[in-house]
Structures are given as C-alpha cells and as structure tokens.
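See below for the structure under consideration.
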Amino acid sequence: MFWLNNAHAGNTFMPPQASNFAESVDSLYGFLWYASLISCILVIGGFVYFAIKYKRKTENDQTAYIAHNTTLEFLWSFIPFVVFLVVFAWGWKIFYDMKRAPENALEIHVVGQKWNWDFLYKSGKKQTSEFTVPVNTPIKLIMSSRDVLHSFYVPAFRIKQDVIPGRYTSLWFTATKEGRFNVFCTEYCGTGHSSMLAHVNVVSMSEYEEWLANDPYKGLSMVEVGQKIYQSRCIACHNLTAEKKIGPGFKGLFASNKTFTDGTTGVANEAYIRESILMPNAKKSVGYENAVMTSFQGQLSEDEIAGTVEFIKTLK
Ligand SMILES: [Cu+2]
C-alpha cells in the first residue's frame, strides 16, 4: 500500500510498525481504505456520468419506465455483502489474537490517574510516565484507574484499551523493534487530558534485566530526583515558570505568602509543600478553589517527596 511501504519506519501517514499486531492491523486498514476508495469512485463516478448522460434535454423529455434489473440488484447487494463478511472475519481474527495473551507473557500493572500513568513491575520496581520492556517478548498489561475512565493507546503497537476505575482490563503485545514510542490517553479525562503522555522504551533482554536491577536514582542528587519526579508527575498541572497551569507555577512558590480559602494565611515552606503533595485539599489557596489534585500518599516515597521539595526550592 503506497503510504505503508515505508511504514516500518513510520511516515507522515502512519506511525512505525513496532509490534506483532501492527502489520495485520495495517493490512486490514489498507483493505478498508481501498474498498472504500473503489466504492466511492463507482458511486460518485456513476452518479456524475448518469447525471450528464441522462440530463433532461427538452421540455418534452419523458423518463423511461424501468421496473427493475435482477442481475444488477443481485450484484450490488452480493458484492458488498462479501466485502463486509471479509472485513468481519479478518477483523474478528485480529481481535481474537489481541484478546488472548500467551501464558508466558511478562506481566506489568498499569494504573492511570489524572494525569499520568504508573507502571508497576512484579519485582517491586515502579515507573511513572515511562516504562521499559524487552524486545520480542510477549508483554501483558493489567490495567486499572485511580479516578476516571482513561484509555491506554500505543499507536506504534496498534493497541488501545479503556482503563476503568474498580476494574481490571488488559492488553498484550510483543514489541518487534527497539526504540522509544509514544503512549497517549485517548479518553477525554479532564483539563490535563492532553498532557497525559507516557513513553514505552523497548530494549534488548540484557538491557532490560540490567534496567530492572538498577536503582533509578543511583548517583542522583536530591534536586535531580525531584526533577525526575517533576517530569513524570507534576508537569501535567504545574509550570516551571510562575504562570498558573491547572495548579500554581513552581517558580517563586517556595517561601511565598499564601492566602487560603478559609481566610488564614501561611508561608509556602517545606512542611506546606509536603502537605500539599500528600493532602492537596488540606489548605486550598485563593484562586485555586476548583483545582483538582489527587493525593500522592502512598505513591511517592519519602526520598521522592524530599527531592521534590528540594527541587521546588531551587526554582527562585
Ligand atoms: Cu486520561
């Protein structure tokens, strides 16, 4: 197919084909596209041709009496019927394969929330807004949400699945190419929906094992740890400038004077920032009455909270 020829690497029309499902989904999509193109040419072409050929030429032109044509009627019903059956069977086959993860698949839990994705590995390792998988290995994602409906979508893998609070849904894939691919939320989930981005890193098995054994914060200073947390956790709602996004911008936040909705005032010190991360609704600032923030209680370790506080302190 003309725009898919180069699709292995991705092009203007399609993302790269980076999973076991990509080629079959694209082939079906190509078939649908060509079937629609041919139908469109036949219908619109016929329409224009007949409109010109049988245009009423004089006032006395009479429309011929045509009852019906069995052969034609059979063909224009039967051919589309066959095409639809082919699409159904082909789509069903792909869907069936997508719904059945191999027994030996490597399992990763995915938790969506406003507005980022958490990835939990069985080793206890946890990543946010980014996850790492080995190439050519079946991976099963077991997914849920902490708040509202989200949808987990990896365009390069051609897989998508709703993520629902109070329920597990799953997806599986085998990544066939090493690289870094986009993950999007494709279910409108509130103000920060378009910032609900993540990446999947596909690496070799040996790199994966090394990554899994590694402490993600090894050799990083507290501020650098905080910066990582900011990139994965805070960026959807907080600017690094002083400008308001969904929550307040972080620049100049530390040591600033705050007025709260209950009329009290306070200084944004370490204790205040910590409290705001763990209990966002404990003290609401004037101007942010309707701002929503979910608690990070149990999601960030003490080291990560301390790093975040130290990072915010550097933004003067
Ligand atoms: Cu979402």
Side-chain angles (χ1 to χ4, degrees), residues 14-16 18-19 21-22 25 95 98-99 101 107-121 125-133 139-173 175 179-202 227-240 243-250 276-281 284 288-300 304 308:
M14 295 294 256
S19 84
F21 297 123
V25 170
F95 185 75
M98 280 181 162
K99 287 289 146 192
E107 294 175 336
I108 302 170
H109 283 257
V110 179
V111 186
Q113 68 208 311
K114 293 192 241 179
W115 284 283
N116 49 48
W117 299 99
D118 282 341
F119 301 93
L120 316 171
Y121 290 75
K125 185 144 182 151
K126 193 168 140 184
Q127 255 191 319
T128 300
S129 299
E130 185 169 10
F131 71 118
T132 302
V133 297
I139 311 287
K140 183 178 176 183
L141 304 177
I142 302 161
M143 311 193 292
S144 190
S145 166
R146 288 201 174 92
D147 39 44
V148 297
L149 265 185
H150 300 281
S151 182
F152 190 87
Y153 178 38
V154 189
F157 295 171
R158 312 290 192 271
I159 53 169
K160 175 161 32 177
Q161 172 65 51
D162 274 9
V163 176
I164 302 161
R167 190 190 299 185
Y168 281 145
T169 53
S170 74
L171 268 181
W172 85 274
F173 62 90
R180 188 172 159 85
F181 305 100
N182 291 320
V183 177
F184 296 118
C185 176
T186 47
E187 186 84 62
Y188 181 68
C189 54
T191 329
H193 167 66
S194 60
S195 317
M196 195 165 165
L197 308 170
H199 285 101
V200 48
N201 297 312
V202 182
Q227 194 164 13
K228 279 196 136 187
I229 300 296
Y230 172 79
Q231 289 297 342
S232 60
R233 296 285 192 163
C234 322
I235 198 165
C237 304
H238 297 278
N239 283 317
L240 283 181
E243 207 186 321
K244 174 178 176 177
K245 199 173 183 180
I246 288 163
F250 281 168
S276 299
I277 294 170
L278 298 178
M279 289 172 280
N281 296 322
K284 285 209 139 184
Y288 296 93
E289 290 81 358
N290 300 319
V292 278
M293 175 164 160
T294 41
S295 167
F296 285 87
Q297 188 94 50
Q299 294 182 46
L300 293 177
E304 290 171 326
T308 310

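As the structure lists them, so they are numbered: ligands from 1, and atoms in each ligand from 1.
Partners of Trp172 according to the ring-ring contact (aromatic ring centres under 6.0 Å, His included) rule, which considers only residues two or more places apart in sequence or in another chain, are Phe21.
A donor-acceptor distance shorter than 3.5 angstrom exists from the side chain of His238 to the backbone of Pro248, with no hydrogens or angles considered. For the pair Lys284 (side chain) and Glu289 (backbone), a donor-acceptor distance under 3.5 Å is present. Looking at His150, its side chain never comes within 3.5 Å of a backbone N or O of Glu187 through a donor-acceptor pair.
Among the candidates Gln127, His109, Gln113, the single residue satisfying the side-chain hydrogen bond (donor to acceptor under 3.5 Å, both in side chains) test with Asp118 is Gln113.
No side-chain donor from either of Ser129 and Ser232 sits under 3.5 Å from a side-chain acceptor of the other.
Closer than 2.8 Å to the Cu ion (ligand 1) sit the protein N, O or S atoms His150 ND1, Cys185 SG, Cys189 SG, Met196 SD.
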